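One structure below.
Because the structure is a prediction, the values reported are computed rather than measured. Order of the sequence lines sets the chain letters (A, B, ...), proteins ahead of strands, with each chain counted from 1.
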Amino acid sequence: MDLLQLFQWFEATAIGTAVRESLWMFPAIQCGHLLTLALLGGAVLVVDLRMLGLGLTAQPINELAAKVHPWMVAAWAGIIVTGIPMFLSEAVKCFYSPPFWYKIGLLVLASAYTLTIRRRVTAAQPDSRRAAPVALASLVLWSGVGFAGRWIAFY
Amino acid sequence: MNLLPLIEWLDRTPGSIAIRESILLYPFIETTHVLTLCLFLGMIALLDLRLLGFGFQSVPVSQVAGRLLPIGLVGFGIMAVSGALLFYSGPLRAHGNIFFRVKMTLMLLAGLNAIAFHYGIYKRITSWDTSPVPPARARLAGFFSLLLWCAIVICGRMQAYNWFEKPPGA
């Protein structure tokens with residue numbers, strides 16, 4: 001089975017078919033995807049901005065990151081759970097869409113980066129010289145995920 | 001007041017047509033509008049969660065509001081400009097779209113809710129600044145803010161679907 005066949009199988013799954021054939025399911029899931037985007041983005045941003053010396057600067061980085069972590073994980077789960085049925089409903093279109101592949105690549109990178117390097121650095125209460133590049137890398141990676149995601153609709 | 005002649009004129013201006021027919025500009029404006037949601041609604045939602053007593057309970061409310069609202073307002077500015085450009089790219093389509101009209105109405109309500117909060121219970125912030133769970137009126141403001149902005153995002157997304165539009169000529 002090559003990759004395209006796998007994607008054809010994805011599209012033929014019960015969930016993929018149900019979402020594709022329904023008038024309202026895809027828009028409804030899109031709305032959920034956007035709302036969880038706001039929460040995920042907010043949770044990522046508030047810590048990244050803090051590391052850049054903006055926002056909640058009176059809070060220690062490690063405490064802020066720990067407080068936001070459950071919200072970030074919940075939003076991440078929400079955006080994945082809403083993303084999968086949308087993908088299944090148009091898997092073959094995604095297969096031929098360059099932005100889709102950029103998005104998946106960047107999503108894996110950004111998620112792994114957030115849970116490893118960024119998490120370790122925030123926990124270690126970094127000074128601003130060490131925190132700023134870690135925050136910038138996070139902003140670039142997550143913006144890339146969102147940007148590429150929106151462009152699946154266009155290309 | 002009939003706005004339609006003005007809308008029709010706007011729809012025919014070269015700038016409107018240029019954005020509407022562009023290959024890259026329209027997607028860029030749209031993507032900016034969507035991603036800035038993180039900056040605007042992300043910050044507003046964190047403040048609302050604090051007002052509801054669901055998060056950051058050890059951080060004073062005045063600190064969350066004072067430090068995150070300016071960032072959120074920068075996001076709002078970008079969303080307003082990109083949103084105005086999106087409207088400008090298809091005023092006639094937006095004019096006849098029920099989701100657009102509901103969205104604008106809800107934004108007005110969200111604005112009134114914010115004003116009521118800032119000139120109401122927030123004036124007495126010193127008496128509840130460090131309360132883990134703020135007073136009922138503050139919780140209500142946070143609840144309505146979250147509810148309204150979620151509904152606004154949903155209307156914005158749904159605006160792309162022309163379910164209730166009259167077909168041309170009808």
Contacting region of A:Trp142 [heavy-atom separation from chain B under 4.5 Å]
neither
side-chain contact (heavy atoms from CB on, under 4.5 Å) between B:Cys38 and A:Leu37, intermediate numbers included:
CA-CA 7 Å; B:Cys38 300; A:Leu37 164 89; 3.8 Å; yes
Nearest 0.5 angstrom please: B:Ile154 CD1 to A:Leu34 CG, how far?
9.5 Å
Does B:Met104 share a hydrophobic cluster with B:Leu108, counting links as ILVMFWY side-chain heavy atoms below 4.5 Å and allowing steps through other members?
no
Residue B:Leu69 versus chain A: region with a heavy atom under 4.5 Å
neither
With a 4.5 angstrom heavy-atom cut-off, is it the side chain or the backbone of A:Leu23 that approaches chain B, or both, or neither?
both
Nearest heavy-atom approach of B:Met158 to A:Cys31 is SD-SG, 3.9 Å
For B:Ile71, is it the side chain, the backbone, both, or neither that has a heavy atom closer than 4.5 Å to a heavy atom of chain A?
side chain
With rounding to the nearest 0.5 angstrom, report the CD to OG distance, A:Glu63 to B:Ser58.
7.0 Å
Can you get from A:Ile117 to A:Val73 by hopping between Ile, Leu, Val, Met, Phe, Trp and Tyr side chains that sit under 4.5 Å apart?
no
Tell me, side chain or backbone of B:Ile44 under 4.5 Å from chain A's heavy atoms, or both, or neither?
neither
Can you tell me if B:Leu25 has over 12 outside heavy atoms packed within less than 6.0 Å of its CG?
yes
With sequence neighbours left out, which residue pairs that include part of residues 137-147 of chain B fulfil the side-chain hydrogen bond (donor to acceptor under 3.5 Å, both in side chains) condition?
B:Asp48-B:Ser145
Below 4.5 Å from any heavy atom of chain A, which atoms of B:Leu24 appear? Answer side chain, backbone, both or neither.
both
How long is the straight-line distance from CD of B:Gln63 back to CG of A:Leu56, given to the nearest 0.5 Å?
6.0 Å
side-chain contact (heavy atoms from CB on, under 4.5 Å) between A:Leu54 and B:Arg67, worked out:
CA-CA 8 Å; A:Leu54 295 163; B:Arg67 302 297 302 184; 5.9 Å; no
Shared hydrophobic cluster, A:Val140 / A:Val121 (ILVMFWY, side-chain heavy atoms < 4.5 Å):
no
Are any of the side-chain heavy atoms of B:Arg157 and A:Pro27 separated by less than 4.5 Å?
no
Does atom CZ of B:Phe144 have more than 12 heavy-atom neighbours, drawn from other residues, nucleotides or ligands, at distances under 6.0 Å?
no
Connected via hydrophobic side-chain network under 4.5 Å: B:Tyr119 and B:Leu51:
no
If you compare all heavy atoms of B:Cys150 against all heavy atoms of A:Leu35, which two are closest, and at what distance to 0.1 Å?
CA-CD2, 3.7 Å
Does atom CH2 of A:Trp101 have more than 12 heavy-atom neighbours from other groups under 6.0 Å away?
yes
Just wondering, more than 12 heavy atoms not from B:Tyr88 lying within 6.0 Å of its OH?
yes
Give a yes or no on whether B:Ile152 and B:Leu109 share a hydrophobic cluster (residues Ile, Leu, Val, Met, Phe, Trp, Tyr; joining criterion: side-chain heavy atoms under 4.5 Å apart).
yes
Part of B:Phe40 within contact of chain A (heavy atom distance under 4.5 Å)
neither
Could you walk me through whether A:Gln30 and B:Tyr161 pass the side-chain contact (heavy atoms from CB on, under 4.5 Å) test, one step at a time?
CA-CA 12 Å; A:Gln30 273 184 322; B:Tyr161 299 91; 2.6 Å; yes
Turns out that what part of B:Leu46 lies under 4.5 Å from chain A's heavy atoms comes down to side chain
Hey, which residues of residues 143-155 of chain A are touching chain B, say heavy atoms under 4.5 Å apart?
A:Ser143, A:Gly146, A:Phe147, A:Arg150, A:Trp151, A:Phe154, A:Tyr155
